[in-house]
Amino acid sequence: MNIQEYISSGIIENHVLGLTSPAEDAEVVKLSEKYPEVRQALREAEDALMNYALLHGKTPPANTKDKIFKALVDQGQMNETPTVDATPGFSAGIGETKTHRITRVLAIAASLLFVASVAFHLFKMADFRQQIRQLEQEKTDLIAQNETFMAQIQEAHQELDVIGDPAFKAVVLSGVPGHDDNRALVYWHNVSHTVYLKPTNLPELPTDKQYQLWGIVAGKPVSAGVYESHDSQQTLQQMIALADVEMFAITVEPVGGSKQPTLDQMVVAGKI
């Protein structure tokens, strides 16, 4: 169960207002005992209900009752003075019954209005809580995007440093028969023998495969390592340094690479 989605659903506010079923009530209680987040949200909803009642609960002015009765008399809903009957006690009882009925109706109406106001307040609180979580998620996403952009900028600076260094020789690796559209670039430093690989047009591989770079040294293949990136086939990656390289080639190998190249899985090659 996703607890944050459960809290944001509004069921806790409904529980506090008494609008949930017995099964839902039992679920809220059970989850509040198990999860501190639910317990905290339940406490906040109960506190909000109490604070709202304290904040908005007001004692009506003393003359409110008289004003209500006068309005009812003006509208013809009741007599200003009860009709005198041969049985005064009976007449008084009728007047009193009408008065109690009106008072009770007004009290019920006021209670319903109060409950509706509190419900609206709690629902808005739940909505605000959801908006806060969305803003927090957007903030997290922006931070992640910023980190990605910074990494890309750093990679671009690294690539410019390599390309701008005249000691690095760019070796174009072209597609072998059957892979004619494939392309890659190798930057090889003729003094330090540092090697960088940049695939420019290589298909994305299954998760159990990797591209492996080979240098042909004295007629024999020597591994320069595997290309680590599966997501971005345009990233410049430093490989294992090799000296006295005659040519470079790339093969498709199992994850982690192979000790010897799988020749029928060669995709690109190029001489220095």
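Residue numbers run from 1 in the order of the sequence given. This structure is a prediction, so every number in the text was calculated from the model and none was measured.
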Using side-chain heavy atoms (C-beta onward) and a distance below 4.5 Å, is [X] in contact with [Y]?
{"X": "Val226", "Y": "Glu228", "answer": "yes"}
{"X": "Met239", "Y": "Val186", "answer": "no"}
{"X": "Tyr227", "Y": "Thr235", "answer": "yes"}
{"X": "Val38", "Y": "Ile7", "answer": "yes"}

### Task
Could you go through the side-chain contact (heavy atoms from CB on, under 4.5 Å) check for Glu253 and Trp214 one step at a time?
CA-CA 11 Å; Glu253 304 292 346; Trp214 303 89; 4.3 Å; yes
What heavy-atom pair brings [X] and [Y] nearest, and what distance separates the two atoms?
{"X": "Ala241", "Y": "Val195", "answer": "CA-CG2, 4.3 Å"}
{"X": "Thr207", "Y": "Val255", "answer": "O-CG2, 3.2 Å"}
{"X": "Pro254", "Y": "Ser258", "answer": "CD-OG, 3.6 Å"}
{"X": "Arg39", "Y": "Ser32", "answer": "NH1-O, 2.6 Å"}
{"X": "Ile12", "Y": "Ala41", "answer": "CD1-CB, 3.6 Å"}

Under a single-linkage definition using a 4.5 Å side-chain heavy-atom cutoff for Ile, Leu, Val, Met, Phe, Trp and Tyr, are [X] and [Y] assigned to the same hydrophobic cluster?
{"X": "Leu197", "Y": "Leu205", "value": "yes"}
{"X": "Val245", "Y": "Met266", "value": "no"}
{"X": "Phe248", "Y": "Val176", "value": "no"}
{"X": "Val217", "Y": "Ile240", "value": "no"}
{"X": "Ile216", "Y": "Leu213", "value": "no"}

### Task
Taking the six-membered ring for Trp and the single ring otherwise, decide whether the centroids of Tyr35 and Tyr6 are under 6.0 Å apart.
no
Please check if the side chain of [X] supplies one atom and the backbone of [Y] the other of a donor-acceptor pair under 3.5 Å.
{"X": "Thr200", "Y": "Arg183", "value": "yes"}
{"X": "Gln212", "Y": "Pro261", "value": "no"}
{"X": "Glu246", "Y": "Lys271", "value": "no"}
{"X": "Gln210", "Y": "Gly256", "value": "yes"}

### Message
Let me confirm one number: the OG1-CD1 distance from Thr140 to Ile143, rounded to the nearest 0.5 Å.
### Response
5.5 Å
### Query
What residues form a side chain to side chain contact (heavy atoms under 4.5 Å, CB included) with Val267, not counting sequence neighbours?
His179, Asn182, Leu202, Tyr211, Ile250, Val252
### Message
Is it the case that over 12 heavy atoms from other parts of the model lie below 6.0 angstrom from the CG atom of Asp141?
### Response
yes
### Task
Answer yes or no: are there more than 12 heavy-atom neighbours, outside Asp181 itself, under 6.0 Å from its atom CG?
no
### Query
For Tyr196, which of Tyr187, Trp188, Phe168 qualifies under ring-ring contact (aromatic ring centres under 6.0 Å, His included)?
Phe168
